[in-house]
Amino acid sequence: ASLWYHDSWRWVVLLDLVGFGMVAWTILEYLTDLEAVNIHRLRLESIRRRLSEVRREKVDMQENIDHLIVHAGAEDEVELLEKHRRVQQLESVVESQQKVVREYRNDPEFIDTKERLEPLEVERDELERRRESLPDHVPDRYQIEMQFSSLGYEPDVVREALERQNESLSSSSGLGEGSESSRTGAESFERLQTIASKLDLWYDGALGREPRNIWQKIAGHLLGEPFQTVDLAESGEPTLEGENRRQFERWRQTHPEQTEVLASALALALHLTSVTLDNRIDTIWITDPHSAHSDDLASRFYSVFDNAVGRVHFVLLDDSDAL
């Protein structure tokens, strides 16, 4: 101001410093408030974004809850929580029962009972297969007695005669320990073991792999899946995987017909293996299975014959045929 005005104006300009200071302070206060407003605006936008995320999470959670309610068949959240509580209780009960089951399975008495049950189940399956071959209608006791009476026979006399005949058959069939039937079955397998040795199908104290596999397939097809693990011990006795010697020996004594089928399956396996190794076609003369077995077991034999017809020829003989 001293450049343009007189020196007396210099004091006036000094007095205007207060006004400039007020203006500067006002501008500084404005900038400070503006910065605070921007900070609050940023905070407000962050709160709004978080609120929006919370709302989306709430919607997603509600959808999940509704999904659980639908699948649980509940009416609302309260019933869903109640069902969840019951499920937790049931899980604890199941866990305790599983612990009891594990204890029973480790019980020696349970293990022994299970071992004794397995041959009974095999026998049951065989009886069920036989039952399928029987007619649907079986006359009851009264009808049978009336038929005997119409033929001139006293039912009581016939019943006593049948009981005496059954006792005679039971004593002669040798179902007891060391019976003739058991010895005959053991001798059959021993003879088959000797035949396998002569055919070079027995070595290192065991039956060869090929005849054993064929025997297991035939035995499993004829007698059921448990016999797919049958094998011939070094002593010449048949064995089953998972069965001890005493149990299988008891089964052979009480099932002479199935033991005979098992021996026939081994003989057929040895014959099929020998003709395969010699690359020749042979003929087997065999009794018709219908004459000695049930219709179901005979049909199983026929299917075995059909599968082996490419390697051997079968000639079936009935009881009236003579060689």
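Just so it is clear, the model here is predicted, and its values are computed rather than measured.
For Arg209, the CZ atom counts as loosely surrounded, since its 6.0 Å shell holds 12 or fewer non-hydrogen atoms of other residues, nucleotides or ligands. The 12-atom threshold is not exceeded at CD of Glu225, counting heavy atoms of other residues, nucleotides or ligands nearer than 6.0 Å. The environment of CD in Glu35 is sparse: at most 12 heavy-atom neighbours from other residues, nucleotides or ligands sit within 6.0 Å. Surrounding CD of Glu234 are at most 12 heavy atoms belonging to other residues, nucleotides or ligands under 6.0 Å away. Counting non-hydrogen atoms of neighbouring residues, nucleotides and ligands closer than 6.0 angstrom, the CD atom of Gln88 exceeds 12 such neighbours. At most 12 non-hydrogen atoms from other residues, nucleotides or ligands lie less than 6.0 angstrom from NZ of Lys217. Counting heavy-atom neighbours within 6.0 Å of Glu75 CD, excluding the residue itself, gives a total of 12 or less.
Here Leu297 contributes atom CG and His221 contributes atom NE2; the two are 9.5 Å apart, rounded to the nearest 0.5 Å. Expressed to the nearest 0.5 Å, how far CG of Leu232 lies from CG of Leu201 amounts to 12.0 Å. Once rounded to the nearest 0.5 Å, the distance linking CZ of Arg191 with CG of Leu266 reads 12.0 Å. One distance of note links CD of Gln193 with CD of Glu190; it measures 7.5 Å at 0.5 Å rounding. In this structure, CG in Leu51 is found 4.0 Å from CZ in Arg55, a value given to the nearest 0.5 Å. Distance check, rounded to the nearest 0.5 Å: CG of Asn213 to CD1 of Ile218 gives 11.0 Å.
Considering only residues two or more places apart in sequence or on other chains, Tyr302 meets the ring pair (Phe, Tyr, Trp, His ring centres under 6.0 Å) condition with His290. For His293, the ring pair (Phe, Tyr, Trp, His ring centres under 6.0 Å) partners are Phe301, not counting sequence neighbours. For His71, the ring pair (Phe, Tyr, Trp, His ring centres under 6.0 Å) partners are His67, not counting sequence neighbours.
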Problem set entry | Trace of the salt bridge (Lys or Arg N to Asp or Glu O under 4.0 Å) decision for Arg129 with Glu126 | CA-CA 5 Å; Arg129 286 195 294 267; Glu126 177 62 24; 2.5 Å; yes
For this session: Begin from the C-alpha positions of Gln98 and Val94 and carry the test side chain to side chain contact (heavy atoms under 4.5 Å, CB included) through to its verdict.
Result: CA-CA 6 Å; Gln98 288 177 347; Val94 169; 3.7 Å; yes
For this session: Could you check Leu222 against Phe227 for side chain to side chain contact (heavy atoms under 4.5 Å, CB included), going step by step and ending with a plain yes or no?
Result: CA-CA 9 Å; Leu222 294 176; Phe227 290 89; over 6 Å; no
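Val37 places none of its side-chain heavy atoms less than 4.5 Å from the side chain of His40.
Under the 4.5 Å side-chain contact rule for hydrophobic residues, Met61 and Leu68 share a cluster. Under the 4.5 Å side-chain contact rule for hydrophobic residues, Ile27 and Tyr30 share a cluster.
Across every non-hydrogen atom of Ala269 and Trp215, the tightest pair is CB-N, 3.6 Å. In terms of heavy-atom proximity, Leu80 sits nearest to Ala74 at N-CB, 3.9 Å. Leu192 and Ala267 make their closest contact through CD2-CB, 3.8 Å (heavy atoms, listed as atom of the first residue, atom of the second, distance). Across Ile69 and Asp76, no two heavy atoms sit closer than the pair CD1-C, 3.8 Å. Nearest heavy atoms, Arg105 versus Phe110: CA-CD2, 3.6 Å. Considering all non-hydrogen atoms of both residues, Val230 and Arg212 come closest at O-CG, 4.3 Å.
Side-chain atoms of Asn106 come within 3.5 Å of backbone atoms of Arg102 as a donor-acceptor pair (strictly under, hydrogens ignored). Judged by distance alone, with hydrogens and angles left aside, the side-chain atoms of Asp107 form no donor-acceptor pair with the main-chain N or O of Glu103 at under 3.5 Å. Side-chain N or O atoms of Asp295 include none that pairs as donor or acceptor with a backbone N or O of Ala298 at under 3.5 Å.
A donor atom on one side chain and an acceptor atom on the other are not found under 3.5 Å apart for Arg50 and Ser46.
At a threshold of 4.0 Å, the pair Asp60-Arg56 does not count as salt-bridged, since none of the basic side-chain nitrogens sits closer than that to a carboxylate oxygen. A salt bridge between Glu45 and Arg48 is absent, with no side-chain N of the basic residue lying under 4.0 Å from a carboxylate O of the acidic one.
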